[in-house]
Novice: 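One structure, pasted below without further comment.
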There are 2 protein chains.
Amino acid sequence: MNASPTPMPGRPVRGSTTGRSLMAALDLFGRRWTLRIIWELGNEPLGFRLLQRRCDGMSSSVLQQRLRELQEARLAEVLRDGNYTLTPLGHDARESLGPVIEWSRRWAAELADAPSTAAEGAATASATGSDSGPRAGHLRFLARNHRTGDHGP
Amino acid sequence: MNASPTPMPGRPVRGSTTGRSLMAALDLFGRRWTLRIIWELGNEPLGFRLLQRRCDGMSSSVLQQRLRELQEARLAEVLRDGNYTLTPLGHDARESLGPVIEWSRRWAAELADAPSTAAEGAATASATGSDSGPRAGHLRFLARNHRTGDHGP
DNA sequence: AAGGGGTGCTTCGAATTCCGAAGCACTGCC
DNA sequence: GGCAGTGCTTCGGAATTCGAAGCACCCCTT
């Protein structure tokens with residue numbers, strides 16, 4: 001598969017020709033699964049397959065690609081026993097995601113307070129369309145959720 | 001373009017069949033440009049074109065799609081004058097990104113301390129490949145950066 | 001009136017990213 | 001030997017993103 005450049009400060013990234021660190025971070029974190037991997041590796045070091053399973057059976061090729069990027073960006077590294085783990089910088093990043101996690105709880109609570117209005121407003125047409133259901137491919141993917149209980153705080 | 005369902009708590013999302021709020025948030029934020037839009041709208045309400053320019057000329061079709069999703073997820077709304085703005089919940093999300101921003105600075109500082117080692121290690125081959133330069137399409141895209149100074153703290 | 005510049009979006013085909021199945025090499029156990 | 005697990009790789013297809021062009025509308029100038 002292709003390997004688009006890993007977003008890193010100082011490099012041109014999507015959103016900044018000068019590689020401004022904030023934009024590099026937003027670009028890095030805006031790649032599918034990156035946040036999730038950081039999250040899971042923050043719990044404990046994991047091997048490739050176990051990490052894949054913790055990420056709900058995500059595609060191995062993308063996982064490999066993301067691990068490469070995270071290593072290049074110095075957020076992750078491989079231990080002698082072959083497990084992947086976060087670097088101190090990576091753990092720092094995960095800590096910084098803590099308020100986001102807290103926010104997601106407030107988000108859920110907010111939507112639970114007004115569930116019938118969540119799909120109203122300017123996005124009504126889009127919401128109706130998206131409620132037609134996930135694609136069959138998604139369903140098959142999600143049915144492969146091996147964990148009955150998600151890890152997390 | 002296709003409209004995959006907007007990740008929201010309680011809905012099946014990539015990474016969780018039960019729509020666990022953390023996973024919904026990670027899925028939502030893991031879409032290209034979402035974090036950036038939240039960031040830019042946190043500064044001030046913006047019209048569509050101006051917001052597009054603030055996001056370095058990102059594709060209008062994706063911007064429109066993201067705005068729909070953010071509205072559906074109750075993070076953004078349209079004002080009477082047509083400008084887009086974050087809801088209180090959206091501003092809350094942006095605040096929660098503050099520590100991530102601080103982290104990105106530490107990230108840049110860390111990499112600046114050891115720039116020659118950033119591309120070494122297990123990801124050497126990948127880094128070499130990615131250093132071949134962004135695709136020509138990226139260069140053309142980045143050359144359209146209209147802002148000389150990025151907004152931000 | 002026409003023309004030009006701006007606005008908010010939409011459409012469409014191309015490019016890129018992600019996906020999932022299959023595969024390979026290796027290890028350890030029975 | 002077979003089987004199950006490991007860490008990855010490959011490949012073609014699906015999904016997402018992209019960017020150019022377009023449309024309708026508005027406002028201002030000539």
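Letters A, B, ... mirror the listed sequences (proteins, then strands); counts begin at 1. Computed from a predicted model, the values in this text were never measured in an experiment.
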Novice: Which part of the nucleic acid does B:G82 contact within heavy-atom distance under 4.0 Å: base, sugar-phosphate only, or nothing?
Specialist: nothing
Novice: Given side chains that start at C-beta, do those of B:W103 and A:L89 come closer than 4.5 Å, heavy atoms only?
Specialist: yes
Novice: Under 4.0 Å between a side-chain N or O of B:R53 and OP1 or OP2 of C:dG8?
Specialist: no
Novice: With a cut-off of less than 4.0 Å, is there a side-chain N or O of A:Y84 near OP1 or OP2 of D:dC8?
Specialist: yes
Novice: Hey, is the side chain of A:S60 pairing donor to acceptor with the base of C:dG20 inside 3.5 Å?
Specialist: no
Novice: Report yes if the side chains of B:M58 and B:I37 come closer than 4.5 Å at any heavy-atom pair, otherwise no.
Specialist: yes
Novice: Report the distance from atom CG of A:L51 to atom C1' of D:dG5, rounded to the nearest whole Å.
Specialist: 17 Å
Novice: Rounding to a whole Å, what distance do you find between A:R54:CZ and D:dT6:P?
Specialist: 12 Å
Novice: Answer yes or no on whether B:R74 is positioned over the face of A:W107, meaning its NZ or CZ is under 6.0 Å from the six-membered ring centre and within 45° of the axis.
Specialist: no
Novice: Please state how far atom CE in A:M58 lies from atom P in C:dC18, giving the value in whole angstrom units.
Specialist: 9 Å
Novice: For A:F48 and B:G30, find the nucleotide of DNA chain D closest to each by heavy atoms; which residue's nucleotide sits nearer the 5' end?
Specialist: A:F48
Novice: Look at B:R68 and C:dC9 and indicate whether a side-chain polar atom (N or O) is within less than 4.0 Å of OP1 or OP2.
Specialist: no
Novice: Please report the distance, rounded to the nearest Å, between CG in A:L63 and P in D:dG7.
Specialist: 10 Å
Novice: Between A:R49 and A:R31, just flag the one whose closest nucleotide in DNA chain C comes earlier from the 5' side.
Specialist: A:R31
Novice: Can we say A:R36 and B:D27 salt-bridge, meaning some charged N sits less than 4.0 Å from an Asp/Glu carboxylate O?
Specialist: no
Novice: How close or far is atom P of D:dC8 from atom CG of A:N83, stated in whole angstroms?
Specialist: 11 Å
Novice: Testing the 3.5 Å rule here: is there a donor-acceptor pair between the side chains of A:T87 and A:E77?
Specialist: no
Novice: Is the distance from OP1 or OP2 of D:dG7 to the nearest side-chain N or O of A:Q64 less than 4.0 Å?
Specialist: no
Novice: Measure CD/B:Q52 against P/D:dA21 and give the value in whole Å, please.
Specialist: 15 Å
Novice: With a 3.5 Å cut-off and no angle check, do the side chains of A:R68 and A:Q65 form a donor-acceptor pair?
Specialist: yes
Novice: Thinking salt bridges, do B:E44 and B:R54 make one under a 4.0 Å N-O criterion?
Specialist: yes
Novice: Can you tabulate the close N/O pairs, meaning under 3.5 Å, that link protein atoms to atoms of nucleotides 28-30 of chain C?
Specialist:
none

Novice: Roughly, in whole Å, what's the span from CD in A:E69 to C1' in C:dC18?
Specialist: 12 Å
Novice: Could you state the atom-to-atom distance from CG of B:L67 to P of C:dG8 in whole Å?
Specialist: 11 Å
